[in-house]
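Right, one structure below, let's go through it.
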Amino acid sequence: MPAPHNSFKNALAKGEAQIGLWVVASEASVTEMIGTAGFDWLVLDGEHAPNDIRSLRDSLMALNGSDSHPVVRIPIGETWMVKQVLDAGAQTVLVPMVDTAEQARDMALAMRYPPLGVRGMGATGARASRFGEITDYVATANDEVCLLVQAESRAAIANLDDILTVEGVDGVFIGPADLSADMGFPGAASAPEVQEVITDAIKRITSSGKAAGILTQSLDDAKTYLELGATFVAVGIDMVMYAKVTRQLCKDAKALL
(Lines give C-alpha, C1' and ligand atoms only; values in the text may rest on other atoms or scores of the structure.)
Protein backbone atom coordinates (compact mmCIF):
# COMPACT_ATOMS: atom_id res chain seq x y z
CA MET A 1 0.00 0.00 0.00
CA PRO A 2 1.55 3.36 -1.05
CA ALA A 3 1.45 6.71 0.74
CA PRO A 4 -1.82 8.64 0.30
CA HIS A 5 -2.10 10.66 -2.90
CA ASN A 6 -1.48 14.38 -2.38
CA SER A 7 -4.29 15.92 -4.42
CA PHE A 8 -3.20 19.46 -3.52
CA LYS A 9 0.32 18.91 -4.87
CA ASN A 10 -1.14 17.39 -8.02
CA ALA A 11 -3.47 20.36 -8.52
CA LEU A 12 -0.59 22.83 -8.15
CA ALA A 13 1.48 20.89 -10.68
CA LYS A 14 -1.41 21.13 -13.14
CA GLY A 15 -1.86 24.85 -12.51
CA GLU A 16 -5.35 24.39 -11.09
CA ALA A 17 -6.32 27.30 -8.84
CA GLN A 18 -6.83 26.36 -5.19
CA ILE A 19 -8.79 28.59 -2.80
CA GLY A 20 -7.86 28.38 0.86
CA LEU A 21 -8.39 29.77 4.35
CA TRP A 22 -6.02 30.51 7.23
CA VAL A 23 -6.93 28.60 10.40
CA VAL A 24 -5.53 30.05 13.63
CA ALA A 25 -8.21 29.03 16.15
CA SER A 26 -6.05 26.04 17.15
CA GLU A 27 -9.06 23.95 18.15
CA ALA A 28 -9.72 20.69 16.34
CA SER A 29 -13.49 21.12 16.60
CA VAL A 30 -13.26 24.47 14.83
CA THR A 31 -10.95 23.01 12.20
CA GLU A 32 -13.39 20.16 11.66
CA MET A 33 -16.24 22.63 11.11
CA ILE A 34 -14.18 24.70 8.65
CA GLY A 35 -13.36 21.48 6.84
CA THR A 36 -17.02 21.19 5.84
CA ALA A 37 -17.06 24.58 4.07
CA GLY A 38 -15.52 23.42 0.80
CA PHE A 39 -12.16 25.22 0.73
CA ASP A 40 -9.51 23.44 -1.34
CA TRP A 41 -6.83 23.93 1.33
CA LEU A 42 -6.52 25.11 4.91
CA VAL A 43 -3.42 26.43 6.65
CA LEU A 44 -2.98 25.02 10.14
CA ASP A 45 -0.79 27.78 11.52
CA GLY A 46 2.05 26.86 13.85
CA GLU A 47 3.89 30.16 13.50
CA HIS A 48 1.54 32.79 14.93
CA ALA A 49 -1.30 30.64 16.29
CA PRO A 50 -1.04 28.89 19.70
CA ASN A 51 -0.53 25.45 18.16
CA ASP A 52 1.87 22.75 19.26
CA ILE A 53 2.52 19.34 17.72
CA ARG A 54 -0.40 17.78 19.59
CA SER A 55 -2.96 20.38 18.53
CA LEU A 56 -1.67 20.25 14.96
CA ARG A 57 -2.04 16.48 15.02
CA ASP A 58 -5.58 16.82 16.38
CA SER A 59 -6.52 19.24 13.60
CA LEU A 60 -5.04 16.88 11.02
CA MET A 61 -7.20 14.13 12.50
CA ALA A 62 -10.24 16.42 12.39
CA LEU A 63 -9.77 16.90 8.63
CA ASN A 64 -9.83 13.17 7.87
CA GLY A 65 -12.55 12.73 5.28
CA SER A 66 -12.64 16.44 4.43
CA ASP A 67 -12.08 17.65 0.87
CA SER A 68 -9.95 20.47 2.31
CA HIS A 69 -6.25 19.67 2.16
CA PRO A 70 -4.31 20.57 5.33
CA VAL A 71 -1.19 22.69 4.90
CA VAL A 72 0.84 22.86 8.11
CA ARG A 73 2.87 26.01 8.68
CA ILE A 74 5.74 25.36 11.06
CA PRO A 75 7.13 28.17 13.27
CA ILE A 76 10.47 28.40 11.47
CA GLY A 77 12.54 26.38 9.03
CA GLU A 78 14.01 23.70 11.29
CA THR A 79 14.57 20.12 10.14
CA TRP A 80 13.23 18.61 13.35
CA MET A 81 9.97 20.57 13.02
CA VAL A 82 9.47 19.28 9.49
CA LYS A 83 10.10 15.75 10.73
CA GLN A 84 7.49 16.04 13.48
CA VAL A 85 4.66 17.41 11.37
CA LEU A 86 5.28 14.91 8.56
CA ASP A 87 5.19 12.01 11.01
CA ALA A 88 2.03 13.51 12.53
CA GLY A 89 0.37 13.10 9.15
CA ALA A 90 0.98 16.31 7.24
CA GLN A 91 1.88 15.96 3.58
CA THR A 92 2.19 19.65 2.72
CA VAL A 93 4.41 21.95 4.79
CA LEU A 94 4.62 25.74 4.60
CA VAL A 95 7.89 27.22 5.86
CA PRO A 96 8.02 30.92 6.82
CA MET A 97 10.90 33.36 6.39
CA VAL A 98 12.88 31.54 3.72
CA ASP A 99 15.32 34.16 2.49
CA THR A 100 17.89 32.13 0.56
CA ALA A 101 18.22 29.17 -1.77
CA GLU A 102 20.34 27.46 0.89
CA GLN A 103 17.47 27.64 3.39
CA ALA A 104 15.04 26.34 0.77
CA ARG A 105 17.40 23.48 -0.06
CA ASP A 106 17.67 22.50 3.61
CA MET A 107 13.89 22.32 3.84
CA ALA A 108 13.63 20.25 0.66
CA LEU A 109 16.09 17.77 2.16
CA ALA A 110 14.13 17.69 5.42
CA MET A 111 10.96 16.72 3.55
CA ARG A 112 12.40 13.58 1.90
CA TYR A 113 13.79 10.25 2.92
CA PRO A 114 17.37 9.30 1.97
CA PRO A 115 19.03 9.21 -0.45
CA LEU A 116 17.08 12.28 -1.67
CA GLY A 117 16.91 13.89 1.76
CA VAL A 118 17.52 13.57 5.48
CA ARG A 119 14.07 12.73 6.88
CA GLY A 120 14.38 10.32 9.79
CA MET A 121 13.04 6.78 9.46
CA GLY A 122 10.45 6.92 12.23
CA ALA A 123 7.08 6.85 10.50
CA THR A 124 6.27 3.20 11.19
CA GLY A 125 4.89 4.10 14.60
CA ALA A 126 3.27 7.36 13.51
CA ARG A 127 0.08 8.64 11.88
CA ALA A 128 1.90 9.20 8.59
CA SER A 129 1.97 5.45 7.85
CA ARG A 130 -1.24 4.71 9.74
CA PHE A 131 1.00 3.17 12.39
CA GLY A 132 2.62 0.76 9.96
CA GLU A 133 -0.51 -0.18 8.01
CA ILE A 134 0.83 1.62 4.90
CA THR A 135 3.56 -0.89 4.25
CA ASP A 136 5.09 1.01 1.30
CA TYR A 137 5.01 4.40 3.01
CA VAL A 138 8.76 4.99 3.11
CA ALA A 139 9.20 3.88 -0.51
CA THR A 140 6.47 6.20 -1.81
CA ALA A 141 6.24 9.17 0.59
CA ASN A 142 8.81 11.33 -1.22
CA ASP A 143 6.53 11.63 -4.24
CA GLU A 144 3.55 12.78 -2.17
CA VAL A 145 5.07 15.45 0.08
CA CYS A 146 4.74 19.09 -0.95
CA LEU A 147 7.02 21.92 0.15
CA LEU A 148 5.90 25.55 0.09
CA VAL A 149 8.35 28.25 1.16
CA GLN A 150 7.47 31.80 2.11
CA ALA A 151 9.17 34.80 0.53
CA GLU A 152 8.36 37.68 2.85
CA SER A 153 11.36 39.97 3.00
CA ARG A 154 13.44 42.14 0.72
CA ALA A 155 16.20 39.54 0.97
CA ALA A 156 13.86 36.77 -0.21
CA ILE A 157 12.70 38.86 -3.16
CA ALA A 158 16.30 39.61 -4.07
CA ASN A 159 17.13 35.90 -3.93
CA LEU A 160 13.86 34.71 -5.45
CA ASP A 161 15.31 33.52 -8.75
CA ASP A 162 17.84 31.36 -6.89
CA ILE A 163 15.16 29.98 -4.57
CA LEU A 164 13.08 29.02 -7.60
CA THR A 165 15.89 26.79 -8.90
CA VAL A 166 15.80 24.56 -5.81
CA GLU A 167 14.57 21.07 -6.62
CA GLY A 168 11.95 19.91 -4.17
CA VAL A 169 10.31 23.31 -3.72
CA ASP A 170 6.80 22.98 -5.12
CA GLY A 171 5.63 26.53 -4.54
CA VAL A 172 6.55 29.94 -3.17
CA PHE A 173 4.11 31.83 -0.99
CA ILE A 174 4.36 35.61 -0.84
CA GLY A 175 3.83 36.87 2.72
CA PRO A 176 2.37 40.36 2.15
CA ALA A 177 2.28 41.48 5.78
CA ASP A 178 5.92 40.81 6.61
CA LEU A 179 7.09 41.87 3.17
CA SER A 180 5.33 45.23 3.43
CA ALA A 181 6.78 45.79 6.90
CA ASP A 182 10.30 44.97 5.72
CA MET A 183 9.82 47.40 2.83
CA GLY A 184 8.91 50.18 5.27
CA PHE A 185 5.13 49.94 4.96
CA PRO A 186 4.04 48.09 8.13
CA GLY A 187 0.35 47.31 8.07
CA ALA A 188 0.04 48.65 4.52
CA ALA A 189 0.37 45.69 2.18
CA SER A 190 -1.88 47.52 -0.28
CA ALA A 191 0.71 50.27 -0.81
CA PRO A 192 1.48 50.59 -4.54
CA GLU A 193 5.18 49.99 -3.93
CA VAL A 194 4.42 46.70 -2.18
CA GLN A 195 1.88 45.57 -4.74
CA GLU A 196 4.37 46.22 -7.52
CA VAL A 197 6.87 43.87 -5.86
CA ILE A 198 4.17 41.25 -5.27
CA THR A 199 3.02 41.40 -8.89
CA ASP A 200 6.56 40.96 -10.16
CA ALA A 201 7.21 38.09 -7.73
CA ILE A 202 4.08 36.20 -8.78
CA LYS A 203 5.06 36.53 -12.43
CA ARG A 204 8.60 35.30 -11.73
CA ILE A 205 7.36 32.33 -9.71
CA THR A 206 4.85 31.19 -12.30
CA SER A 207 7.36 31.69 -15.12
CA SER A 208 9.69 29.28 -13.32
CA GLY A 209 7.08 26.54 -13.42
CA LYS A 210 6.47 26.59 -9.68
CA ALA A 211 3.21 27.51 -7.97
CA ALA A 212 2.69 30.99 -6.54
CA GLY A 213 0.59 31.60 -3.44
CA ILE A 214 -0.58 34.49 -1.29
CA LEU A 215 -2.98 35.45 1.50
CA THR A 216 -5.47 38.28 1.15
CA GLN A 217 -8.67 39.26 2.92
CA SER A 218 -10.04 41.01 -0.15
CA LEU A 219 -11.88 39.08 -2.85
CA ASP A 220 -11.02 41.83 -5.33
CA ASP A 221 -7.33 41.34 -4.59
CA ALA A 222 -7.78 37.56 -4.75
CA LYS A 223 -9.21 37.92 -8.24
CA THR A 224 -6.26 40.10 -9.26
CA TYR A 225 -3.71 37.60 -7.93
CA LEU A 226 -5.47 34.69 -9.63
CA GLU A 227 -5.45 36.60 -12.92
CA LEU A 228 -1.72 37.19 -12.47
CA GLY A 229 -1.25 33.44 -12.25
CA ALA A 230 -1.23 32.72 -8.52
CA THR A 231 -2.31 29.13 -8.00
CA PHE A 232 -3.00 28.81 -4.27
CA VAL A 233 -4.73 31.84 -2.76
CA ALA A 234 -6.06 32.11 0.80
CA VAL A 235 -8.98 34.49 1.12
CA GLY A 236 -9.43 34.95 4.86
CA ILE A 237 -8.42 34.21 8.45
CA ASP A 238 -10.85 32.32 10.62
CA MET A 239 -10.53 34.35 13.84
CA VAL A 240 -10.76 37.65 11.95
CA MET A 241 -13.99 36.42 10.39
CA TYR A 242 -15.41 35.23 13.72
CA ALA A 243 -14.50 38.49 15.45
CA LYS A 244 -16.11 40.58 12.72
CA VAL A 245 -19.36 38.61 12.73
CA THR A 246 -19.55 38.44 16.54
CA ARG A 247 -19.00 42.17 17.01
CA GLN A 248 -21.52 43.03 14.33
CA LEU A 249 -24.14 40.74 15.87
CA CYS A 250 -23.63 42.36 19.27
CA LYS A 251 -23.86 45.83 17.75
CA ASP A 252 -27.03 44.96 15.81
CA ALA A 253 -28.66 43.35 18.83
CA LYS A 254 -27.96 46.30 21.12
CA ALA A 255 -29.41 48.59 18.50
CA LEU A 256 -32.76 46.92 19.24
CA LEU A 257 -32.78 48.42 22.73
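All values below were derived from every heavy atom in this structure, side-chain atoms included, with hydrogens, water molecules and symmetry-related copies excluded.
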Inset, instruction - Report yes or no: does Asp45 contribute a side-chain atom to a donor-acceptor pair with the main-chain N or O of Val23 at less than 3.5 Å? - result: no
Inset, instruction - Decide yes or no for Val85 and Leu56: does some side-chain heavy atom of the first lie under 4.5 Å from some side-chain heavy atom of the second? - result: yes
Legend entry - Ser207 OG to Ile202 CD1 distance, which is reported to the nearest 0.5 Å: 11.5 Å
Inset, instruction - Report the residue from Arg57, Arg127, Arg119 that forms a side chain to side chain donor-acceptor pair (under 3.5 Å) with Asp87. - result: Arg119
Legend entry - Side chain proximity check, Thr92 to Val145, heavy atoms < 4.5 angstrom: no
Legend entry - CD (Glu196) with more than 12 external heavy atoms under 6.0 Å: no
Inset, instruction - Ignoring hydrogens and angles, tell me if any N or O in the side chain of Gln103 forms a donor-acceptor pair with the backbone of Val98 under 3.5 Å. - result: no
Inset, instruction - Give the cluster check for Val118 versus Met111: same hydrophobic cluster or not, with ILVMFWY residues linked at side-chain heavy-atom distances below 4.5 Å. - result: no
Legend entry - Least distance between heavy atoms, Arg204 atom then Leu164 atom: O-CD1, 3.6 Å
Inset, instruction - Look at the side chain of Lys83 and the backbone N and O of Gly120, then say whether any donor-acceptor pair between them is shorter than 3.5 Å. - result: no
Inset, instruction - Check each of Leu147, Ile76, Asp106 against Val95 using the side chain to side chain contact (heavy atoms under 4.5 Å, CB included) test, and report the only one that passes. - result: Leu147
Legend entry - Closest non-hydrogen atom pair between Ala156 and Ile163, with its separation: O-CD1, 4.1 Å
Inset, instruction - State the CG-OG1 distance between Leu60 and Thr31, to the nearest 0.5 angstrom. - result: 9.0 Å
Inset, instruction - Please tell me if the side chains of Asp221 and Val235 come closer than 4.5 Å, counting only heavy atoms from C-beta onward. - result: no
Legend entry - Closest heavy-atom pair and its distance - Lys9, Asn142: NZ-O, 4.0 Å
Inset, instruction - Flag yes if Leu42 and Met61 sit in one hydrophobic cluster, no otherwise; membership is Ile, Leu, Val, Met, Phe, Trp, Tyr, and two members link when side-chain heavy atoms are under 4.5 Å apart. - result: no
Legend entry - Short side-chain to backbone donor-acceptor contact, Thr231 and Ala17, under 3.5 Å: no
Inset, instruction - Assess whether atom CG of Asp67 is packed by more than 12 heavy atoms of other residues, nucleotides or ligands within 6.0 Å. - result: no
Inset, instruction - Using the six-membered ring wherever Trp is involved, compare the ring planes of Trp22 and Phe173 and label them parallel, tilted or perpendicular (cut-offs 30° and 60°). - result: tilted
Legend entry - Hydrophobic cluster identity match, Ile205 and Ile19, side-chain contacts under 4.5 Å: yes
Inset, instruction - Verify the neighbour count for atom CD of Glu102: are there more than 12 heavy atoms of other residues, nucleotides or ligands below 6.0 Å? - result: no
Inset, instruction - Please report the closest heavy-atom contact between Ala189 and Ser180, naming both atoms and the distance. - result: CA-CB, 3.7 Å
Inset, instruction - Side-chain contact test, heavy atoms from C-beta onward, threshold under 4.5 Å: evaluate it for Ile237 versus Val24 and give yes or no. - result: yes
Inset, instruction - Tell me, with the steps shown, if His69 and Asp40 meet side-chain contact (heavy atoms from CB on, under 4.5 Å). - result: CA-CA 6 Å; His69 180 81; Asp40 299 309; over 6 Å; no
Legend entry - Test item: Asp178 side-chain N/O and Glu152 main-chain N/O as donor-acceptor pair under 3.5 Å: no
Inset, instruction - Measure up the Phe8 and Phe232 rings against each other and bin them: parallel (under 30°), tilted (30 to 60°), perpendicular (over 60°). - result: perpendicular
Legend entry - Atom pair CG/CD1 of Leu179 and Ile174 - distance to nearest 0.5 Å: 7.0 Å
Legend entry - Heavy-atom side-chain contact between Val72 and Leu94 under 4.5 Å: no
Inset, instruction - Report, as yes or no, whether the 6.0 Å neighbourhood of atom CG on Leu116 holds more than 12 heavy atoms from other residues, nucleotides or ligands. - result: yes
Inset, instruction - Determine the minimum heavy-atom distance between Glu47 and Ile74, stating which atoms define it. - result: CB-O, 3.9 Å
Legend entry - Sub-4.5 Å side-chain heavy-atom contact between Met183 and Val197: yes
Legend entry - Separation of Leu160 CG from Asp99 CG (nearest 0.5 Å): 11.5 Å
Inset, instruction - Calculate, to the nearest 0.5 Å, the distance between atoms CG and CD1 belonging to Leu21 and Ile34 respectively. - result: 5.5 Å
Inset, instruction - Enter the distance from Asp238:CG to Met33:CE here, rounded to the nearest 0.5 Å. - result: 8.0 Å
Legend entry - Backbone N/O of Ser153 and side chain of Asp182: donor-acceptor pair under 3.5 Å: no
Inset, instruction - Grab the two heavy atoms, one from Tyr113 and one from Val138, that are nearest each other, plus how far apart they are. - result: CD1-O, 3.6 Å
Legend entry - Heavy-atom check, side chain of Ile198 versus side chain of Pro176, under 4.5 Å: yes
Legend entry - Side-chain (Ser66) to main-chain (Ala62) donor-acceptor, under 3.5 angstrom: no
Inset, instruction - Measure from the side-chain N and O atoms of Ser68 to the backbone N and O of Phe39, and report whether any donor-acceptor pair falls under 3.5 Å. - result: yes
Inset, instruction - Please confirm whether the backbone N or O of Ser55 pairs with a side-chain atom of Asp52, one donor and one acceptor, at under 3.5 Å? - result: yes
Legend entry - Any side-chain heavy-atom pair of Arg73 and Gln150 under 4.5 Å: yes
